[in-house]
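This report concerns only the one structure given below.
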Amino acid sequence: MTALHRDTAAALAAQVRAGALSARAVCESALAHIERLGRDRSGFTHVLRSRALLRAEAIDKIVAAGLDPGPLAGVPFGVADMFDVSGQVTTAGSLIRASGPFAHGDAKAVQLLEAAGAVLVGTQNMDEFGYGFVTVNAHYGTTRNPHDPDRLAGGAAGGSAAAVAAGCVPVSLAFDTNGSLRVPAALCGVIGLKPTYGDLPREGCLPFVHSLDVVGALARDLGDLVLVRAILRQGAPERAELPRGELRFGRMLGWFDRNITDAMRAALAPLWREQVRVGRELQYAELARAAASVIIAAEGANFHRARLEQDAMAFDPATRDRLLAGLLLPADDYLRAQRFRQWIAARSRAQFELSDVLVSPAVPGVAPTVVDPTMMFDGAPVRARSHLGIYTQPISLMGLPALVLPLAHDGLLPLGIQLIAAPGAETTLFAAARHLIAEGLVAVPAVTD
Amino acid sequence: MSGDIETGPRRPTEAGVAARLAEAGISAPVECIPGIVANLIVLQDHVAVLRTFPLDDHSRSALEFRV
């Protein structure tokens, strides 16, 4: 079968709207590819075959009636398994919730994409409750990196990034608490948007850390990501204007320039040389990471306390012990972390008086291997599960939007950067990304079957 | 500082963590204690970093610019 689903979302929708391609054929193609790859390589843990085919047929009937199904007509998409899907259990990667409750309706973000014509084909693997950077899940397996199945996809939303990179769907919806979609986007070589806190609707998503969670999206094509964001925002006005004149890129130094692998440093060199005029030292980044870790441990533990006490052994051990440790954090330290967050979030705004976009690596290097899920940090090997997000965590704490892009380079494995802008300045991130793509500094690597 | 995370050379122990869980009214299987200790040590390091920051209104800007 021809891989009909491999095109961009915009191109697929244009063909379906024009009647040149049936939504059912696109859907069948995507489902066949997911099945062919299997759970670990497709990123999908639950395929919604019946629902997807019914939905696709409905789209075809709308087209046949001479009506317009919307800008995402017939586009297959997936969601991390923390978005509610009507009649399904939202497992969030756990067994605790596997027997229910069943969701009464679809998450708001799912509703909005389907109202625009898209077709939900399944839910995707993640670290249990979103607590980790690896997508090594004791219950649902390890999601493999589409560029090298012996390597990690990254996490927590590794299934969502792998599904896009592997060509199962052009778009996935996921979440980002502390780097949850940015880390796997970087390791799998796709584009990932972590929006400003509160920018996209979270209704119907299982929370992990209420004060940090955001809904975001992953895609292979920048235009698709822009389109999906616009649909999810329902026409809300932009909060920031595009800068006048040439965009000013600033390079993040200090914390963001430490622990970078040689491969990443070499791949970044053309970007620094050709686009960046200033370096910016963000002091207290280490404190920001520490504060984010304390907030996540405390809020995550608080949210799951009842389940932990009821049946701790049903949790993934890697999640369980972290959450139980979080229950022992003094309230004073949690409040200190939140006060620091207020302080640094307010001061981070000043960064954007002299730069429109800040640039840093999204991860230190290429994906670690599955058999040895470690990385080097300050000269010592550490667990990738807790350390792959060293560059994403401080940005989450500040509530800033970030866009992950794959660097164009000669290596075989993806290397991702993150562009960071002022709150509400997502359109500036998109303009910067278009510029870097046009300059040949950024490119989404292809995955061969 | 009863109930506080120990800093400096004092590190959580399995016996200490079991006692703190009991004092806090948290029931956790004994098999979890070594993992909790390991994760508490990581959190202890984060807390130690966080406590170096003087939270007052006169803190200088966290941001420095250099060309």
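Proteins come first, then strands; the chains are lettered A, B, ... in the order of their sequence lines, and each starts at number 1.
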> Atom CD in Glu31(B), atom CG in Asp321(A): separation rounded to 0.5 Å?
Replying inline: 10.5 Å
> What are the two closest non-hydrogen atoms of Leu40(B) and Ala325(A), and how far apart are they?
Replying inline: CD1-O, 3.5 Å
> Side chain, backbone, both or neither: which part of Arg305(A) has an atom under 4.5 Å from a heavy atom of chain B?
Replying inline: side chain
> What's the shortest heavy-atom distance between Leu43(B) and Ser293(A), and which atoms?
Replying inline: CD2-O, 4.1 Å
> Of the listed residues (Gly35(B), Pro29(B), Cys32(B), Ala28(B)), which shares the most heavy-atom pairs with chain A below a 4.5 Å separation?
Replying inline: Cys32(B)
>> Please find the pair of heavy atoms, one from Ile26(B) and one from Glu309(A), that lie closest to each other, and give the distance.
In response: CA-OE1, 3.3 Å
>> Within the 4.5 Å heavy-atom criterion, are Ile36(B) and Leu327(A) side-chain neighbours or not?
In response: no
>> Heavy-atom cut-off 4.5 Å, strictly under: side chain, backbone, both or neither for Leu21(B) against chain A?
In response: both
> At a heavy-atom separation under 4.5 Å, does Arg322(A) approach chain B through its side chain, its backbone, both, or neither?
Replying inline: both
> At their closest point, which heavy atom of Leu50(B) faces which heavy atom of Leu287(A), and how far apart are they?
Replying inline: CD1-O, 4.1 Å
>> Is Ala291(A) in contact with chain B via its backbone, its side chain, both, or neither, using a 4.5 Å heavy-atom distance?
In response: both
> Can you check side chain to side chain contact (heavy atoms under 4.5 Å, CB included) on Leu329(A) and Val47(B), steps first, answer last?
Replying inline: CA-CA 9 Å; Leu329(A) 271 172; Val47(B) 165; 3.9 Å; yes
> If you tally heavy-atom pairs under 4.5 Å against chain A, which of Gly25(B), Ala24(B), Pro34(B) wins?
Replying inline: Gly25(B)
> Between Arg20(B) and Leu328(A), is there a donor-acceptor pair closer than 3.5 Å when you use the side chain of the first and the backbone of the second?
Replying inline: yes
